[in-house]
**Student:** 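One structure, as structure tokens, below. Some questions next.
All figures in this text were calculated on a predicted structure; none of them were measured in a lab.
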Amino acid sequence: MVYNFKHRKVSAITALAISPKRRRIALYLRFQRRSFKGPDIQRFLRALLEQIAGPLVVVWDGASIHRDKTVKALVRQHPRLHLE
């Protein structure tokens, strides 16, 4: 699928979910016309928690957005959510 964006900036966040038991792979995407901020990351993680059963391991870089206070608060609230 091809998307043509006519905006100067498009930010994207993606997640790949692998379920070995079900032999299933799912790709989750979110696009927006501005930079992602902590609350945006929190909403994305909440959506993943609603869609994915069982433990959720998130692997990401050390960007400051990933250490935002709203993201940290969400991680403390959800024992299924593990950050690497």
Side-chain angles (χ1 to χ4, degrees):
M1 192 176 293
V2 175
Y3 292 96
N4 292 316
F5 293 102
K6 296 179 181 177
H7 304 284
R8 293 191 146 208
K9 179 171 187 152
V10 175
S11 296
I13 187 171
T14 61
L16 180 66
I18 302 168
S19 176
K21 288 183 182 179
R22 294 182 182 174
R23 296 182 185 194
R24 194 171 107 189
I25 297 174
L27 182 65
Y28 298 88
L29 303 164
R30 181 169 289 174
F31 297 99
Q32 62 186 41
R33 295 180 187 168
R34 59 178 175 76
S35 296
F36 281 91
K37 305 248 186 279
D40 302 314
I41 302 298
Q42 183 189 43
R43 280 189 293 278
F44 185 71
L45 291 174
R46 283 188 188 279
L48 291 178
L49 286 164
E50 289 176 10
Q51 295 291 318
I52 300 170
L56 181 61
V57 178
V58 178
V59 179
W60 55 25
D61 61 17
S64 60
I65 190 171
H66 301 147
R67 297 185 306 271
D68 183 84
K69 64 182 176 182
T70 59
V71 175
K72 286 181 178 181
L74 178 68
V75 173
R76 284 192 301 271
Q77 292 173 352
H78 291 278
R80 292 192 307 122
L81 187 57
H82 305 279
L83 304 180
E84 295 293 334

**Student:** Shortest non-hydrogen contact from Val71 to Ile65?
**Tutor:**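 Closest pair (atom of Val71, atom of Ile65, distance): CG2-O, 4.0 Å.
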**Student:** In chain order, what residues pass the side-chain hydrogen bond (donor to acceptor under 3.5 Å, both in side chains) check against Arg23, with sequence neighbours excluded?
**Tutor:**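 In terms of side-chain hydrogen bond (donor to acceptor under 3.5 Å, both in side chains), with neighbours along the sequence ignored, Arg23 is linked to no residue.
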**Student:** Hydrophobic clustering (ILVMFWY, side-chain heavy atoms < 4.5 Å, transitive) - are Trp60 and Phe31 grouped together?
**Tutor:**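 Phe31 and Trp60: separate clusters.
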**Student:** May I have the step-by-step check of side-chain contact (heavy atoms from CB on, under 4.5 Å) for Asp61 and His66, ending in yes or no?
**Tutor:** CA-CA 8 Å; Asp61 61 17; His66 301 147; 2.9 Å; yes
**Student:** Do Arg43 and Asp40 meet the salt-bridge criterion of a basic N to acidic O distance under 4.0 Å?
**Tutor:**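 Yes, charged N to carboxylate O under 4.0 Å.
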**Student:** Do you see a donor-acceptor pair shorter than 3.5 Å between the side chains of Lys9 and Ser35?
**Tutor:**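 Ser35 and Lys9 do have a side-chain donor-acceptor pair below 3.5 Å.
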**Student:** Show which side-chain atoms of residues 45-58 pair as donor or acceptor with protein atoms under 3.5 Å away, not counting sequence neighbours.
**Tutor:**
none

**Student:** Where is the tightest heavy-atom contact between Pro39 and Thr70, given as atom of each residue plus distance?
**Tutor:** N-OG1, 3.5 Å
**Student:** Could you give the distance from CD (Gln42) to CD (Gln77), rounded to the nearest 0.5 Å?
**Tutor:**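 Interatomic distance, Gln42 CD to Gln77 CD, rounded to 0.5 Å: 7.5 Å.
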**Student:** Between Phe44 and Tyr28, which heavy-atom pair has the shortest distance, and what is it?
**Tutor:** CZ-O, 4.0 Å
**Student:** Evaluate the criterion side-chain contact (heavy atoms from CB on, under 4.5 Å) for residue pair Ile41 and Ile13; output intermediate values, then yes/no.
**Tutor:** CA-CA 8 Å; Ile41 302 298; Ile13 187 171; 3.5 Å; yes
**Student:** Step by step, work out the side-chain contact (heavy atoms from CB on, under 4.5 Å) result for Leu81 and Leu74.
**Tutor:** CA-CA 9 Å; Leu81 187 57; Leu74 178 68; 4.2 Å; yes
**Student:** Can you tell me if CZ on Arg34 sees more than 12 non-hydrogen neighbours from other groups inside 6.0 Å?
**Tutor:** yes
